[in-house]
2 protein chains.
Amino acid sequence: GKLGNSSTLLGIRSVWNFCKEDRNRLLFSFKVGLAVVLVSLLILLQAPYDVFGSNIIWAIITVAIMFEYTVGATFNRGFNRALGSLLAGILAIGVAQLALLTGPVGEPIVIGISIFLVGSITTLMKQWPRLTPYEYGFRVILFTYCLIVVSGYRMGNPLRIAIDRLYSIAIGALVAVLVNVLVFPIWAGHQLHNDLVNAFNSIADSLQECVKKYLEDEEWKNIDQEVPLKAVMDEFPDEPAYKKCKATLNSSSKFDTLATSAKWEPPHGRFKQFFYPWTEYVKVGAVLRYCAYQVMALHGVLHSQIQAPYNLRITFKSEIQDVANQAAELMRSLGKDIDNMKQSIKISHLKNVHSTAEKLQRAIDTHSYLLTPTCETIGLSTTSSSNLDNLPSLSAELDSNGSKRSLNKQDSHGVDLVRKQQSRRQHSWPLREMDVFDDGRCVAIEFLPRMRKLESTAAMSLANFTSLLIEFVARLDYLVETVDELSRMAKFNEEH
Amino acid sequence: GKLGNSSTLLGIRSVWNFCKEDRNRLLFSFKVGLAVVLVSLLILLQAPYDVFGSNIIWAIITVAIMFEYTVGATFNRGFNRALGSLLAGILAIGVAQLALLTGPVGEPIVIGISIFLVGSITTLMKQWPRLTPYEYGFRVILFTYCLIVVSGYRMGNPLRIAIDRLYSIAIGALVAVLVNVLVFPIWAGHQLHNDLVNAFNSIADSLQECVKKYLEDEEWKNIDQEVPLKAVMDEFPDEPAYKKCKATLNSSSKFDTLATSAKWEPPHGRFKQFFYPWTEYVKVGAVLRYCAYQVMALHGVLHSQIQAPYNLRITFKSEIQDVANQAAELMRSLGKDIDNMKQSIKISHLKNVHSTAEKLQRAIDTHSYLLTPTCETIGLSTTSSSNLDNLPSLSAELDSNGSKRSLNKQDSHGVDLVRKQQSRRQHSWPLREMDVFDDGRCVAIEFLPRMRKLESTAAMSLANFTSLLIEFVARLDYLVETVDELSRMAKFNEEH
């Protein structure tokens, strides 16, 4: 009734969205349909059937098995199938002739032994690390060999069978390749190019998301609250960029596969160069992952149990934001340059990021007394909470004694704010005593202890966050270097 | 000649080592050989050939295509092939009957359209995320459908062809499954189990390797030297455990595949339970990766350009080592428990790790003035290097005024060492002035600027390292929780 109709509608809509999301999905489907129809026509129509005969059925299997999403993957699979069939055919004919010489009793024995050997040796070879990409080729060798040698034994004339099979496969492969290349080709190289550019953007997004969240004044961040296991498993559903960044970390094998396929593709579209350096894309991807690990570490501090108080975090707000935004901007601009195939040396851009990072370091350096509990706790222990204001004067005194540093007005205002805030929070600051552990006793799992962190070291987590951010900037150097290497090898246009 | 002989010998030796490394490789190869020989016998021997006829050739293809490394993967592929062939057979017979009704002109048209539709729809479906694991099944549907419907058109009687094909496939599948299960079975579940246990060990190794390197007195670590890009790309060849840890981070898809295969396997060996919770293994793997990210972050600090001086690092040596060793021990013991399928609540063990982590926090807390440049630079700026020794007395004075902290003898000795060392190093500590940047000028890529880090914040990198280590310990809580979940769901033996 009505319920059935609405759920059908819902299903149709989700299929529609699925296709609209990536037009290539639908295109690929139509191409497969087209290729199998074309090859079926060779049998369905009378004229080609008279020429090729029923052996042409192998062409259909070939199309169905070797038609892949991208042009490069189809070429790769076609090559595997063609070479595998050819080798198997030659071997089969040779062994069949040899078997014939051994007479009617020896023939099946020789054939049986040869099948065992071919099966074992191809399987052993395809496990060899350098040969695993040709796994499919070894499978083809195995079953083509068996088919030819066994059919030859029963029907005689293995040569005829081998040749029939080979030209059927050749026709199937030709149809598959032509349809794949001529009808809206989907290039692996193009996809690799786009995936790499997207990886730059997701890491930049994730970095900014992480920093933005860190500087947000959310209540929960001041509370001694931990991330539940569920959030860890669901990959922090409220942080969309985190998931994309993590996907980038898992993209290593995808990049490898695409690069392998792309190497099979002829020059096309914007990739006009023969021997285009697709392996460089994989290298840039590796350095990108090296940067992404740092974002994961920042994310770890963001969700760490004990956080620096909000007022301390915003003391360095503008410096932290500057570094994050400039680093993200540099990443995006690197991605954009690759996307536009433009070669531009990023020296000035990189230097700007460096200088903001150094500014942040300087700020931390100048206010480092805020980041350690020493001064605070000294203050708390030597003075009562009412004369906490002695502390600024103490540090001012130390400062004046020949120190070259000076706080600018805005900063010292921020510092005062922090102090005020902290004196209000003071009741939550005393060191907790260590528990006496009840070793050995078995407690139900619900009472699994959680690690406590000393709140007195809370401020240090800010230093931690900024150090990781600065290390992220340091890793950008490698990224600029590899992107530059890529743009030179791929002969990107130089910008003038 | 001789050269040829020796390189042949070398080749044979490396093949020998390759097989010895993992006995299953050779076993798998022999099993494939055995399976294809068995199925070939159905044709080579007269008696079964008389029964089955030449259609049995499809059995050979089935064996060659569906014989996979593990039992579960073979079952999975067999299921795909069987269900795909069955669906395709039913569909083909239905369409063929329908096409017959349309007369000799309409028949090839109906068949052609149906082939296009089947090709497009199966291809679209296999791209749907939830159906991608059955990709092979959709391929089977496509080519089986084409084969039956096209052969039926040319040779008549599609029902006969469909049935012949189905029982050939059934025989091939039966041989493949029997050989795979009965002759030295290789279980996906067993492999998943071992891989998980190994992942625990590699992360523990990597953690200890990282900490050991951090506390080593190597000259280069005090020098302003950076890791070359080559070392980043080669994954730090002098740190074997790092590579294994990184491999664990990339193991997500491998674990997924193995778990999918394992679900197809009947209870076997030590996994006697029906519906054994293989998905829990994947979850433990995810939490393991969550921990491994922290090791990557530690590794990042280890190779960061500016390092805390060696003498400062060893001040906390014993505390850092205790945390790392106990955490690694806990990880190994969790891995060992899984390996032995033992259920033991790790409360006391976890609490020990927590307490050493808290001890480290306390040590950092007590000596936090060492970790920020403030005190040092205040010292340097207010006093000449000769009366630097005023500083301890100052802090001692502050300490005595009601502070509950006290340095134990060993610690204060360590601190003195650091001070002495630092007064000697003093000439290298002044803040470097910021460069005037030559913006806009194009410099050759060899002169790519590297980010400088303020040496004055060097000591902070130690705080950073310890914070990351402590966060690693905090993540162990999640790990213990998921391992406990696994051991309950898998009904591991409780230890008494």
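Below, chains carry the letters A, B, ... as their sequence lines are ordered, and counting in each starts from 1.
With respect to chain A, the highest number of heavy-atom pairs below 4.5 Å among B:Tyr69, B:Phe465, B:Phe30 belongs to B:Phe30. When each of A:Lys283, A:Glu107, A:Gln294 is scored by its heavy-atom pairs under 4.5 Å with chain B, the top score falls to A:Lys283. When A:Ser120, A:Pro108, A:Cys19 are compared by the number of non-hydrogen pairs under 4.5 Å with chain B, A:Ser120 comes out ahead. Residue with the most contacts toward chain A among B:Val301, B:Ile65, B:Leu34: B:Ile65 (heavy-atom pairs, distance under 4.5 Å). Among B:His349, B:His299, B:Lys246, the residue making the largest number of heavy-atom pairs under 4.5 Å with chain A is B:Lys246. Ranked by non-hydrogen atom pairs under 4.5 Å with chain B, the options A:Ser253, A:Cys146, A:Ala297 are led by A:Cys146. Put simply, of A:Leu44, A:Val287, A:Val118, the one with the most heavy-atom pairs under 4.5 Å next to chain B is A:Leu44.
Looking at B:Ser151, both its backbone and its side chain come within 4.5 Å of chain A, counting heavy atoms on both sides. Contacts between B:Arg289 and chain A at a heavy-atom distance below 4.5 Å are absent for every atom of the residue. Within the 4.5 angstrom heavy-atom criterion, atoms from both the backbone and the side chain of B:Leu249 approach chain A. When heavy atoms are compared at a cutoff of 4.5 Å, B:Thr62 does not approach chain A at all. Contacts between B:Leu117 and chain A at a heavy-atom distance below 4.5 Å are absent for every atom of the residue. Proximity to chain A is absent for every atom of B:Met125, based on heavy atoms less than 4.5 angstrom apart. For chain A, the nearby part of B:Tyr153 is the side chain; its heavy atoms alone come within less than 4.5 Å. Proximity to chain A (any heavy atom under 4.5 Å) is shown, for B:Lys31, by neither the backbone nor the side chain.
For the atom pair OG1 of B:Thr123 and CZ of A:Phe67, the computed distance is 8.5 Å after rounding to the nearest 0.5 Å. Atom CE of B:Met296 is separated from atom OH of A:Tyr290 by 8.0 Å, given to the nearest 0.5 angstrom. The CD1 atom of A:Ile60 lies 6.0 Å from the CD1 atom of B:Ile115; values are rounded to the nearest 0.5 Å.
When side chains are defined from C-beta on, B:Ser40 does not count as touching A:Val149, because their heavy atoms never get closer than 4.5 Å.
For the residue pair A:Ser467 and B:Asn464, the shortest heavy atom distance occurs at CB-ND2, 2.7 Å. Across B:Ile61 and A:Trp58, no two heavy atoms sit closer than the pair CD1-CH2, 3.6 Å. Scanning both residues, A:Gly33 and B:Phe116, for their nearest heavy atoms gives C-CD1, 3.3 Å. Listed here is the closest heavy atom pair of A:Val150 and B:Ile57: CG1-CD1, 4.1 Å. Residue B:Ser29 comes nearest to A:Gln127 through the heavy atom pair OG-NE2, 3.4 Å, listed as atom of the first residue, atom of the second, then distance.
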**Report entry** Residues A:Ile43, B:Arg154; criterion side-chain contact (heavy atoms from CB on, under 4.5 Å); working and verdict
**Finding:** CA-CA 8 Å; A:Ile43 300 188; B:Arg154 277 296 162 195; 3.4 Å; yes
**Report entry** Full working for side-chain contact (heavy atoms from CB on, under 4.5 Å) between B:Trp128 and A:Val15
**Finding:** CA-CA 9 Å; B:Trp128 189 266; A:Val15 169; 4.3 Å; yes
Requested in this report: Could you walk me through whether A:Leu142 and B:Val32 pass the side-chain contact (heavy atoms from CB on, under 4.5 Å) test, one step at a time?
Outcome: CA-CA 10 Å; A:Leu142 174 58; B:Val32 172; 3.8 Å; yes
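B:Arg25 places no side-chain N or O within donor-acceptor distance of the main-chain N or O of A:Leu124, the cut-off being under 3.5 Å.
Note on ring orientation: taking the six-membered ring where Trp is involved, the planes of A:Tyr293 and B:Tyr293 are tilted (angle from 30° to 60°).
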